[in-house]
Each structure stands twice: as structure tokens, then as C-alpha cells.
Amino acid sequence: MRYGDFTPFDIVLLLQGLGVSLALFVSTTLIGLFIGTVWAVIRFYRVPVLMQLVTFVAELLKNSPVLVQLFLVFFGLPAFLKINVTPTEAAVITLSGNSAAFIYVIAVSAIESVGRDQIEAARVFGLTRWQILRRVIAPQATAFAIGPLTGLLVNQLQVTSLISVIGVMDLTKVGNILNLRTLKPFLVWTAVGLLYYLTAKLVTYAGARFEKRLRAHTAWKGL
Amino acid sequence: MISITGLRKSFGAATVLNGIDLEIRQGEVVSVLGSSGSGKSTLIRCINGLEKIDAGKITVDGFDVSKPRELSEARKRSGTVFQLFNLYPHMTAVQNVALAPIEVLKLPRMQAEAEARELLHSVGLTERADAYPSQLSGGQRQRVGICRALAMKPSYLLLDEVTSALDPEMTSEVLSILAALAKTGTTMVFVTHEIEFARSISSRIAFLDKGQLIADLPTEEFFSATGMALPRVAQFLSKMRKD
Ligand SMILES: Nc1ncnc2c1ncn2[C@@H]1O[C@H](COP(=O)(O)OP(=O)(O)OP(=O)(O)O)[C@@H](O)[C@H]1O
Ligand SMILES: [Mg+2]
């Protein structure tokens with residue numbers, strides 16, 4: 001067996017890379033969901049100052065390239081704050097912030113999609129703003145948001161591949177290594193692309209299932 | 001008692017309510033009549049605190065609706081039924097009715113839902129209790145809307161043209177429920193264009209014209225020479241009867 005040949009171990013390597021990509025994707029999605037939702041709630045309550053701050057930060061994150069944000073966190077932060085940032089930390093911070101900004105936008109429009117008249121009804125019966133958010137707005141806003149959210153997540157999955165440039169051993173980085181060793185780019189990148197594709201399909205499928213369940217449960221024919 | 005004194009409300013430059021004084025005592029059914037745009041809906045929305053008032057004072061059993069701390073107490077005492085039902089589309093009829101009792105009155109879910117079912121039963125919706133609003137007819141939706149208001153055991157019911165989005169058959173099914181409520185002594189502020197029905201259930205008629213209360217009379221007086229002596233009332237009644 002020559003050095004440039006594929007070995008069974010390469011499969012393991014690819015799967016490990018996939019695992020790293022998935023772990024990053026899932027963790028930054030969860031963090032992003034949490035932060036983005038909190039931001040949307042801040043806006044719902046019209047908290048002065050904080051609300052403007054959130055809008056400003058979200059705008060910055062949405063309108064600059066993720067790669068630039070990644071470099072800023074990985075190279076810029078250590079230089080500026082004299083702290084150490086590992087590639088994984090930089091990746092988690094950047095991707096979480098980026099997801100949060102887009103999830104915030106989706107959450108805000110989902111909250112606004114719920115009809116004013118029902119909210120007025122709930123207010124008249126004495127529900128607090130928090131009770132209205134939890135019992136009236138959130139269930140409908142979630143059903144509304146699943147579609148756009150699925151689209152966003154499929155995109156964010158692809159975006160994780162950017163972190164390979166700072167040395168995180170994700171699926172793309174593994175592809176890079178295998179490619180350099182075997183010099184069979186067509187085979188390697190086809191395999192890598194296929195793995196991304198299948199994962200994206202899985203996300204879409206899960207989103208559609210979840211949406212269907214939410215809507216069946218609510219029988220809400222909105223939109 | 002709902003007590004309104006010197007109420008003023010404007011939207012921008014337009015004065016919609018211009019100095020209203022009105023009292024609604026326990027057990028009364030007061031119909032609010034007036035042509036379109038006279039401020040009837042705005043009056044209701046001021047009483048339940050959906051609109052901020054510009055001047056004057058509204059109290060419900062002594063609780064001032066323009067004071068945030070007292071508004072929640074005032075709101076516990078009045079229930080609103082809306083023209084377009086305003087049901088929560090993601091909840092079944094029972095859940096719609098039980099929501100406020102659970103969240104606001106802190107009733108246990110089981111009890112709140114049992115009471116909701118009983119209310120729905122009383123308006124003939126036993127079979128439809130677990131249906132979602134999208135699966136109900138307009139008349140059925142409005143009956144759920146009435147149950148939702150009654151579930152809070154309010155001292156006062158505020159009703160704003162609750163039948164105007166319904167066809168005649170559904171209208172009569174909702175009106176007969178309201179007539180029954182009036183008989184049992186439920187206090188109501190009833191905004192309507194159903195003149196004959198208003199006449200049959202009201203103890204008093206309040207007539208709004210361009211944001212002013214130009215008549216506040218016992219029902220039969222309103223429909224007799226006393227009311228007719230007011231040109232705007234006479235004009236309104238003859239126009240309504242023609243339609
Ligand atoms: N939110 C608002 N902003 C601006 N103007 C408003 C608003 N709500 C009501 N108005 C105006 O106030 C006036 C009174 O409206 P209101 O809805 O109280 O009338 P109404 O007596 O209920 O009429 P209708 O019989 O047609 O329901 C109208 O001229 C209306 O255009
Ligand atoms: Mg009106």
C-alpha cells in the first residue's frame with residue numbers, strides 16, 4: 001500500500017470530522033437559539049437601551065462576513081484583550097453569535113405574526129405580558145418560525161465549514177488533509193459534499209416533521 | 001358600578017370621545033347606540049383599558065382603569081366579548097375558555113376545564129368543546145367568545161357589536177343567549193346596531209353622537225316622544241328602521 005492510497009481508517013477520519021462539524025453545529029445552534037430568543041424577548045418588552053443595543057449588535061453580525069468575524073475573534077481578541085482563544089472556542093463564539101443574530105430576526109417576525117386582536121383579548125382578561133408571551137404568542141410563533149428556522153440551520157451547517165481555516169478538525173479540514181495526501185480531489189470532495197448534503201437533508205426532514213406536529217396539534221391554519 | 005366621568009379621548013387631532021359621563025349599576029343592561037364612527041367601540045376600549053384615556057376618570061367597582069395597579073383588578077371584574085371573536089386559534093374551545101381562569105385566577109387546570117365545559121354546554125356547544133376555532137362556525141365561535149368572558153365570573157359584560165360579523169341565523173342564536181343572560185341579572189354594556197333587540201333587553205339606552213352622550217334614558221322613554229324630541233335620535237332611528 002502506497003502512502004497516497006485510501007485506507008479504511010480514512011472513513012473513521014471522515015466520520016470524526018463529521019462528528020466535530022455536527023457537534024459545533026448543534027452546540028452553536030442551541031446557544032444561538034437561546035441568545036436569539038432572549039434578544040427577541042428583550043425587544044418584545046421594549047427594554048430601553050438594551051433593545052437598541054441588541055438591534056445594533058444583530059445588525060453588525062448579520063451584515064459582516066462570518067469569516068471576518070472568525071478572524072476577529074481568533075486573532076483579534078487575543079491581541080486586544082491579551083487572552084488565549086483556542087480554535088474551537090473561536091468557532092463556538094463566532095458561530096453562536098452569527099446564529100443568534102439570524103434567529104433573533106426570525107423570532108421577532110414570528111412574534112409579530114401573531115394577530116393583535118388575540119393579544120388584546122388576552123390583555124383584557126388580565127393576563128400579564130409574560131403569560132401572553134408564553135401561552136398565546138410562543139406556541140403560534142414557534143409554528144410560524146420553524147420553516148424559516150430550518151432554512152437558516154441548513155445554511156448555518158454549511159457555514160461551519162469556514163472554521164477549518166483556523167485549524168478546527170471539522171469535516172472540511174479532514175477533506176483537506178485527505179485531499180493533500182491522496183491527491184484525489186474529485187473523490188474526496190464528493191464524499192465530503194455528500195456527508196454535508198445528507199446532514200442538511202436530515203435537518204430539513206426534522207424541521208418538517210416538527211412543523212407538521214406543531215400544526216397538527218394546533219390545527220392552526222395560519223399564514 | 002362602572003362610573004365614567006368627563007371622559008375624553010382623541011386619536012391625534014381627532015377627538016373621538018368628548019366629555020362622557022355615564023354610570024352603569026349592577027343588574028342593568030345598558031345598550032349603547034349611535035351611528036358609525038360615533039365612538040362606541042372606543043368607549044368600550046376605554047372601559048377595559050385597551051385605550052389610554054386623555055382626560056376624565058373611569059372606575060370599575062371603584063378601581064381606576066388608568067392606574068396600572070388598579071387596572072388588573074378592574075379587568076377581573078369585567079369581561080369583554082369582541083366583534084370578531086378574537087379567539088386564540090391554537091387552542092380548543094375549552095382551552096380558550098379556561099386560559100384566563102387558569103392564568104389569572106390560578107384555578108387548577110382540571111377545575112377550570114370542567115367549568116369551561118359546563119359553560120360551553122350551557123350555550124349548546126357540548127359536542128364542539130374540543131374543536132379549534134378554525135373548525136367552528138361564526139356563531140359557534142362567538143358563543144365560545146361569550147363563554148370565555150363568562151368564565152371569569154365578571155360583574156360586567158362589555159359587548160361590542162358581537163353579532164355584526166354573523167349572518168341572521170347565527171345572530172339569533174347568539175342573541176338568544178344574551179337575552180337569557182340579561183334575564184339572570186347579568187350586567188351588560190351592549191354596543192349594537194340591533195335596535196329591536198336592544199329595546200327588548202335593555203333597561204337603559206345611551207346614545208352617542210360624534211363623541212358626545214346626547215341621550216341617556218330608560219329604554220321606553222328613549223323610544224317614545226322624549227327620545228324622538230332629540231333630532232339626532234329621531235334621525236338615527238328612522239334611518240335604522242329603513243335598513
Ligand atoms: N386607533 C385609532 N386610531 C385613529 N383613529 C381611530 C382609532 N380607533 C378609532 N378611531 C376613530 O375614532 C372614531 C370612532 O371610532 P369607533 O370605532 O369608536 O366608532 P364606532 O361608534 O364603534 O363605529 P362603528 O359603529 O362603525 O363600529 C372613528 O372616526 C375612527 O376612525
Ligand atoms: Mg365599533
Side-chain angles (χ1 to χ4, degrees), chain A residues 37 40-41 44-48 106-150 207-223, chain B residues 41 44-51 60 63 65 68 71-93 95-106 109 130-136 144-145 148-154 156-158 160 165:
Chain A
T37 310
V41 172
F44 175 73
Y45 277 94
R46 311 203 163 282
V47 184
I106 292 174
V108 166
S109 66
I111 287 174
E112 279 166 5
S113 78
V114 179
R116 275 218 63 74
D117 52 354
Q118 312 163 35
I119 296 171
E120 286 193 340
R123 276 171 62 197
V124 154
F125 291 113
L127 274 74
T128 63
R129 231 171 142 65
W130 176 245
Q131 288 170 329
I132 293 173
L133 185 64
R134 229 168 28 95
R135 301 297 312 275
V136 179
I137 297 178
Q140 298 180 65
T142 310
F144 180 92
I146 293 295
L149 195 60
T150 310
R209 276 288 298 265
F210 189 43
E211 183 171 14
K212 208 168 152 206
R213 218 182 63 197
L214 276 184
R215 293 214 192 266
H217 168 67
T218 62
W220 180 55
K221 302 185 187 79
L223 292 188
Chain B
S41 298
I44 295 283
R45 291 172 61 83
C46 287
I47 298 174
N48 60 27
L50 284 176
E51 302 286 354
V60 178
F63 293 101
V65 301
L71 177 60
S72 58
E73 281 305 315
R75 278 178 168 166
K76 276 186 203 159
R77 288 167 168 75
S78 73
T80 305
V81 184
F82 296 85
Q83 180 173 2
L84 298 174
F85 330 128
N86 299 13
L87 298 178
Y88 316 119
H90 61 301
M91 294 183 183
T92 62
Q95 290 168 338
N96 263 277
V97 176
L99 178 67
I102 292 170
E103 297 288 330
V104 180
L105 305 180
K106 309 291 178 201
R109 171 174 303 276
D130 294 303
Y132 288 98
S134 59
Q135 301 163 331
L136 297 173
V144 175
R148 181 174 63 171
L150 292 176
M152 294 296 282
K153 304 192 174 68
Y156 312 94
L157 266 190
L158 311 175
D160 186 5

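Below, chain A is the first sequence line, B the second, and so on; all start at residue 1.
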[X] (side chain) donor-acceptor with [Y] (main chain) under 3.5 angstrom:
{"X": "B/H90", "Y": "A/A138", "answer": "no"}
{"X": "A/Q131", "Y": "B/E103", "answer": "yes"}
{"X": "B/K153", "Y": "B/L150", "answer": "no"}
{"X": "B/D160", "Y": "B/Q83", "answer": "no"}

Checklist outcome for this item: Between A/I132 and the options A/Q118, A/R123, A/E120, the side-chain contact (heavy atoms from CB on, under 4.5 Å) test singles out A/R123
Side chain from CB out, backbone as N, CA, C, O: work out which of these in [X] comes under 4.5 Å of a heavy atom of chain A, or both, or neither.
{"X": "B/L87", "result": "backbone"}
{"X": "B/Y88", "result": "both"}
{"X": "B/S72", "result": "neither"}
{"X": "B/A151", "result": "neither"}
{"X": "B/R148", "result": "both"}

Item to check | Contact origin within A/R116 toward chain B - heavy atom pairs under 4.5 Å | outcome: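 Neither part; nothing is under 4.5 Å.
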